[in-house]
Amino acid sequence: MSSSDPNAGDQNAYTHDRSGASRDETAYGPNSKDLPDYLPPRRSGDGWTVGSDGQKHWGLNGAAGLMLLDPEQGILMQHRALWSVEGGTWSFPGGARDLGESAIEAAVRESWEEAGVPDLAGEDIDVLDTHVLDLGDWSYTTVIARVRRHFEPVISDPESIELAWVPIDELTDYNLHSGVAAALPELLEMLRPHL
């Protein structure tokens with residue numbers, strides 16, 4: 001879930017400070033606990049807002065994630081960077097929605113930015129359903145989709161420690177992000193007719 005992605009597509013993205021001067025690439029990266037404070041929000045949806053639950057949530061226009069099923073391998077899961085919200089947990093690739101961006105567009109874009117899949121146009125997946133957590137001024141949409149062909153995800157920004165296809169019956173064995181854990185029973189029920 002995006003909170004700051006300075007250079008999508010570059011695993012060692014934190015290589016320049018505000019002046020453009022080179023920085024130590026190992027100082028910040030996928031396993032770092034610290035998000036560099038010199039990085040400004042880079043997309044129109046980046047920023048914190050408060051939901052009806054009284055909690056801070058990332059995404060000025062809400063957020064979305066992609067629950068991507070490969071029938072032969074399971075669900076694509078992202079081990080979240082330690083500096084991110086609930087860092088160290090597992091979730092679906094996703095993040096803040098841009099202004100005017102649909103939840104499906106955001107989920108596909110965020111998954112492409114973070115895992116290199118699906119293709120940016122979303123043409124190599126079939127969207128099956130959506131699940132919305134509506135908290136008034138903020139919402140999170142999980143887009144449930146199936147791959148049309150197998151592909152391997154690739155860490156393509158500093159928001160992931162690792163990516164993995166996880167068999168459906170093993171999902172609860174992982175340390176899940178609290179939002180994923182809470183929604184998982186309903187998400188799996190929605191997915192079941194498509195298996």
Side-chain angles (χ1 to χ4, degrees), residues 1-3 5 7-13 29-32 58 63-97 101-133 140-195:
M1 301 190 183
S2 279
S3 58
D5 172 11
N7 294 314
D10 181 1
Q11 185 173 347
N12 293 315
N31 299 318
S32 173
W58 184 256
L66 187 65
M67 181 182 185
L68 189 57
L69 169 70
D70 180 324
E72 295 179 8
Q73 296 195 92
I75 303 294
L76 177 61
M77 297 297 289
Q78 173 193 47
H79 193 186
R80 299 167 57 80
L82 299 177
W83 53 260
S84 66
V85 177
E86 294 192 43
T89 61
W90 289 81
S91 67
F92 312 122
R97 290 173 59 180
E101 186 176 45
S102 75
I104 293 172
E105 290 168 339
V108 169
R109 175 185 51 76
E110 286 284 340
S111 185
W112 182 80
E113 288 176 0
E114 296 173 0
V117 296
D119 64 61
L120 193 51
E123 294 175 354
D124 54 0
I125 64 170
D126 292 314
V127 173
L128 306 173
D129 213 334
T130 58
H131 174 274
V132 179
L133 171 64
Y140 187 91
T141 303
T142 303
V143 177
I144 303 168
R146 179 179 43 226
V147 300
R148 291 184 180 169
R149 60 176 180 82
H150 172 72
F151 39 66
E152 284 302 320
V154 176
I155 294 176
S156 50
D157 78 0
E159 296 184 23
S160 305
I161 295 171
E162 63 183 305
L163 300 164
W165 291 104
V166 177
I168 292 172
D169 60 355
E170 294 178 18
L171 286 170
T172 56
D173 296 340
Y174 284 69
N175 178 23
L176 298 175
H177 180 284
S178 63
V180 173
L184 191 60
E186 190 172 351
L187 293 171
L188 292 177
E189 195 60 36
M190 295 170 75
L191 181 62
R192 193 171 321 281
H194 305 285
L195 297 176

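Only heavy atoms go into these numbers, but all of them, side chains included; no hydrogens, no water, no symmetry mates. The model shown is predicted, which means the values in this text are computed figures rather than measured ones.
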What pairs of donor and acceptor atoms, side-chain ones from residues 142-150 against any protein atom, are under 3.5 angstrom apart with sequence neighbours left out?
{"from": "Arg146", "atom 1": "NH1", "to": "His194", "atom 2": "O", "distance (Å)": "2.8"}
{"from": "Arg148", "atom 1": "NE", "to": "Asp126", "atom 2": "OD1", "distance (Å)": "2.8"}
{"from": "Arg148", "atom 1": "NH1", "to": "Glu123", "atom 2": "O", "distance (Å)": "2.7"}
{"from": "Arg148", "atom 1": "NH2", "to": "Asp126", "atom 2": "OD1", "distance (Å)": "2.8"}
{"from": "Arg149", "atom 1": "NH2", "to": "Asp124", "atom 2": "OD2", "distance (Å)": "3.2"}
{"from": "His150", "atom 1": "ND1", "to": "Asp70", "atom 2": "OD2", "distance (Å)": "2.7"}
{"from": "His150", "atom 1": "ND1", "to": "Gln73", "atom 2": "NE2", "distance (Å)": "2.6"}
{"from": "His150", "atom 1": "NE2", "to": "Gln73", "atom 2": "NE2", "distance (Å)": "3.2"}
{"from": "His150", "atom 1": "NE2", "to": "Glu152", "atom 2": "OE2", "distance (Å)": "2.7"}

Can you sort out the partners of His131 under ring-ring contact (aromatic ring centres under 6.0 Å, His included), two or more places apart, ordered by chain and number? none
Under 3.5 Å, is there a donor-acceptor pair linking the side chains of Glu159 and Gln78? no
Do the side chains of Phe92 and Leu176 get nearer than 4.5 Å, heavy atoms only? no
Quick check: closest heavy atoms across Ala164 and Trp90, and the distance to 0.1 Å? CB-CZ3, 4.1 Å
Interatomic spacing from CH2 in Trp112 to OG in Ser156 - rounded to 0.5 Å: 7.5 Å
Rounded at 0.5 Å granularity, tell me how far NE2 in His177 sits from CE in Met77. 10.5 Å
Any non-hydrogen side-chain atom of Tyr174 less than 4.5 Å from a side-chain atom of Val166? yes
Does any non-hydrogen side-chain atom of Leu191 lie less than 4.5 Å from one of Ile75? yes
Side chain of Arg80, backbone of Ser84: donor and acceptor closer than 3.5 Å? no
Any side-chain to backbone donor/acceptor pair from Tyr140 onto Gly65? Under 3.5 Å, distance only. yes
Which residues pass the side chain to side chain donor-acceptor pair (under 3.5 Å) test with Glu86, sequence neighbours left out? Ser178
Check Val108 against Pro118 and note the closest heavy-atom contact, atom names and distance. CG1-CG, 4.0 Å
Please report the closest heavy-atom contact between Ala106 and Arg97, naming both atoms and the distance. CB-CG, 3.5 Å
Partners passing side chain to side chain donor-acceptor pair (under 3.5 Å) against Asp119 (at least two apart in sequence or in another chain): none
Specify the closest pair of heavy atoms between Glu114 and Leu163, including all atoms of both residues, with the distance to one decimal. O-CD1, 3.9 Å
Partners passing side chain to side chain donor-acceptor pair (under 3.5 Å) against Ser102 (at least two apart in sequence or in another chain): Glu105
If you define the side chain from C-beta out and look only at heavy atoms, does anything of Pro153 sit under 4.5 Å from Leu68? no
Ile125 to Phe151 - nearest heavy-atom pair and separation: CG2-CZ, 4.4 Å
Enter the distance from Leu188:CG to Thr172:OG1 here, rounded to the nearest 0.5 Å. 9.0 Å
side-chain contact (heavy atoms from CB on, under 4.5 Å) with Val132: which residues, sequence neighbours excluded? Asp134, Ser139, Thr141
Nearest atoms (heavy-atom pairs only) where Leu187 meets Met67: CB-SD, 3.8 Å
CE on Met190 to CG on Leu128, rounded to 0.5 Å: 9.5 Å
Please examine the side chains of Leu66 and Leu76, heavy atoms only from C-beta on, and report whether any two atoms are closer than 4.5 Å. no
Given side chains that start at C-beta, do those of Leu195 and Leu69 come closer than 4.5 Å, heavy atoms only? yes
